[in-house]
Amino acid sequence: MYDIVVIGGGPAGIEAALKAGEMGAKTALVERGRLGGVSTNDGCVPVRALAHAARLARESDQFKLYGISGSDRPQVDFARVLARVRDVVDTIHVKKDLQGQLASVDVDVFEHAGDASFVDEHTLALGNGSQIQAQKFIICAGGHGRRLDFPGSEYALTHSDIWSQTSLPKRVVVTGTGATGCQVASVLSAFGADVWLFERSPRILKTEDELVSQVVAEEFTKRGIQIVYGYAGIKCLEKQPDGSFIFYYDIDGQERSLECDAVIMAAGWPGNTAQLNLEAVGVKTNKRGYIEVNDYLQTSNPNIYAAGDITGLMMVVSGATHEGRLAAENAVLNNRRKYKHKIAPLGSFTDPEYAGVGLREYEISDDHEYVVGIIWFADFVRAVIDDRTAGFCKLIVDVDTRKILGAHVVGERAVETVNLVAAGMSSGLRVEQLAELEIAYPTYVGIVVQTAREAGRQVGIYLANEHMPDHKMKPTAKSLH
Ligand SMILES: Cc1cc2nc3c(=O)[nH]c(=O)nc-3n(C[C@H](O)[C@H](O)[C@H](O)COP(=O)(O)OP(=O)(O)OC[C@H]3O[C@@H](n4cnc5c(N)ncnc54)[C@H](O)[C@@H]3O)c2cc1C
């Protein structure tokens with residue numbers, strides 16, 4: 001019998017198994033398919049590779065402006081793009097050598113084992129018919145793209161189906177405008193597809209700061225992505241004799257339709273709970289479709305822990321790995337450390353990119369005194385040099401403590417840039433300290449310092465002299481840094 005069996009070989013499961021193995025527990029990891037999880041096989045890595053290809057295609061838009069002549073926009077060979085994506089995924093597998101890492105701490109790995117499901121609280125049945133026993137389990141089974149049910153929904157795709165396409169669909173409907181929907185829309189549009197992005201609510205990226213939603217939507221629209229807000233539901237998807245589809249939907253009490261070649265659903269990411277037979281072991285799930293955990297990442301069964309997307313807590317790789325390590329520590333050492341939300345920057349590789357850390361402005365209560373500093377990329381030297389002037393950096397600063405409550409960036413290298421704010425927030429920097437950082441010039445990340453100066457002015461701190469914190473600063477002329 002094992003001390004610990006981890007279910008799922010994504011970022012959470014790999015970290016959990018490594019940690020348990022390092023601590024000397026007799027550990028096994030069970031993965032139904034290929035190690036690496038969504039992150040390596042179906043999400044971050046392939047999507048980032050696609051976004052890079054899309055970026056290369058769009059770079060050519062600037063050739064003329066910068067004096068480079070040549071033929072018109074390069075042609076996209078979608079099958080070859082996808083072949084490159086698969087190559088990248090395979091290379092990452094070789095570089096990561098997950099099997100080797102796990103073997104180095106004596107973790108037994110059952111890869112391609114099919115769906116695991118509980119028989120009782122110490123026994124797990126594997127999809128290949130065998131059984132495995134453990135004192136404790138850590139469920140790291142991740143999530144999947146929700147499939148909506150409507151007549152013809154069998155013809156609709158999720159982002160996972162993109163990898164097996166043979167050609168670029170020319171007219172694409174994307175339903176759902178969270179991170180996945182927006183990335184898919186952005187990439188396919190850059191490759192030359194006509195894209196309609198369908199959102200039920202009045203804004204895309206609705207969990208992000210409102211300014212992020214507004215500016216990304218404006219940029220998408222400029223690039224020809226048509227955003228349809230407030231649709232009430234999909235009526236049906238009708239296949240035509242030529243292989244195209246008619247997409248029927250309801251909006252403003254009326255039925256409308258449009259012709260397309262593919263419908264891609266990106267309407268939520270529930271946990272992979274269905275195959276686990278959780279009822280047999282008394283593990284509870286919540287209404288959102290995730291496993292409920294306490295502060296120690298322990299489920300309603302004290303011998304079973306859960307980490308990563310299946311808990312619905314953070315839903316990003318940094319969160320999944322942190323939770324995986326913590327769940328393993330608590331499973332092996334009997335609940336030593338509580339889960340604490342860390343400062344976790346999030347972002348997406350749309351064009352333009354967007355990213356954020358900390359609170360969105362709508363999450364801050366009205367009685368909390370704060371200021372907002374914003375610098376637009378159009379007024380920022382590096383962005384002007386590269387003619388990448390879409391976007392902004394926004395810092396939300398607490399007036400009393402002068403600490404950063406949240407940061408939101410849209411624009412070139414936004415996902416990289418926000419990490420500087422996250423590092424500042426983690427080390428408790430006040431806005432004037434962030435404003436005084438010496439940053440290599442001219443870099444995109446420098447926009448954080450410039451925005452901190454702007455927010456610092458609003459807080460009324462004399463930035464030049466930290467030893468005079470009560471000295472009010474005179475208004476200064478706006479300058480381009
Ligand atoms: C399109 C897309 C893009 C993304 N981009 C980013 C990004 O850029 N940055 C970022 O931080 N995050 C990104 N994410 C989110 C990130 O991929 C996840 O947060 C992360 O993979 C979660 O890790 P996990 O280990 O919890 O789950 P997963 O990575 O989903 O791994 C779960 C594993 O469990 C296995 N499994 C499931 N059920 C069973 C079972 N019954 N028996 C055995 N094995 C089972 C699965 O096969 C899978 O390998 C993206 C997600 C998507 C969908």
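Both ligands and their constituent atoms are indexed starting at 1 by order of listing.
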Check ion pair [X]-[Y] (N to O, under 4.0 angstrom):
X      : Y      : value
Arg223 : Glu219 : yes
Arg413 : Asp386 : no
Arg32  : Asp115 : yes

Within the protein, flag every N or O under 3.5 Å from an N or O of ligand 1, and note the pair and distance.
residue	atom	partner	partner atom	Å
ligand 1	11 (O)	Val317	N	2.9
ligand 1	19 (O)	Asp309	OD1	2.8
ligand 1	19 (O)	Asp309	OD2	3.3
ligand 1	19 (O)	Met315	O	3.2
ligand 1	19 (O)	Val316	N	3.3
ligand 1	21 (O)	Ser39	N	3.4
ligand 1	25 (O)	Pro11	N	3.2
ligand 1	25 (O)	Ala12	N	2.9
ligand 1	26 (O)	Asp309	N	2.8
ligand 1	29 (O)	Val38	N	2.9
ligand 1	41 (N)	Ala116	N	3.4
ligand 1	41 (N)	Ala116	O	3.2
ligand 1	42 (N)	Ala116	N	2.9
ligand 1	44 (N)	Arg32	N	3.2
ligand 1	47 (O)	Glu31	OE2	2.7
ligand 1	47 (O)	Arg32	NE	3.1
ligand 1	49 (O)	Glu31	OE1	2.6
ligand 1	49 (O)	Glu31	OE2	3.2

Legend entry - Aromatic ring pairing Tyr444/Phe377, orientation class (parallel under 30°, perpendicular over 60°, tilted between): parallel

For residues 8-27, which side-chain donor-acceptor pairs fall under 3.5 Å, sequence neighbours excluded?
residue	atom	partner	partner atom	Å
Glu15	OE1	Arg325	NH1	3.0
Thr27	OG1	Ala25	O	2.9

Inset, instruction - Establish, for the pair Arg200 and Tyr231, whether the NZ or CZ atom is under 6.0 angstrom from the six-membered ring centre and no further than 45 degrees off its axis. - result: yes

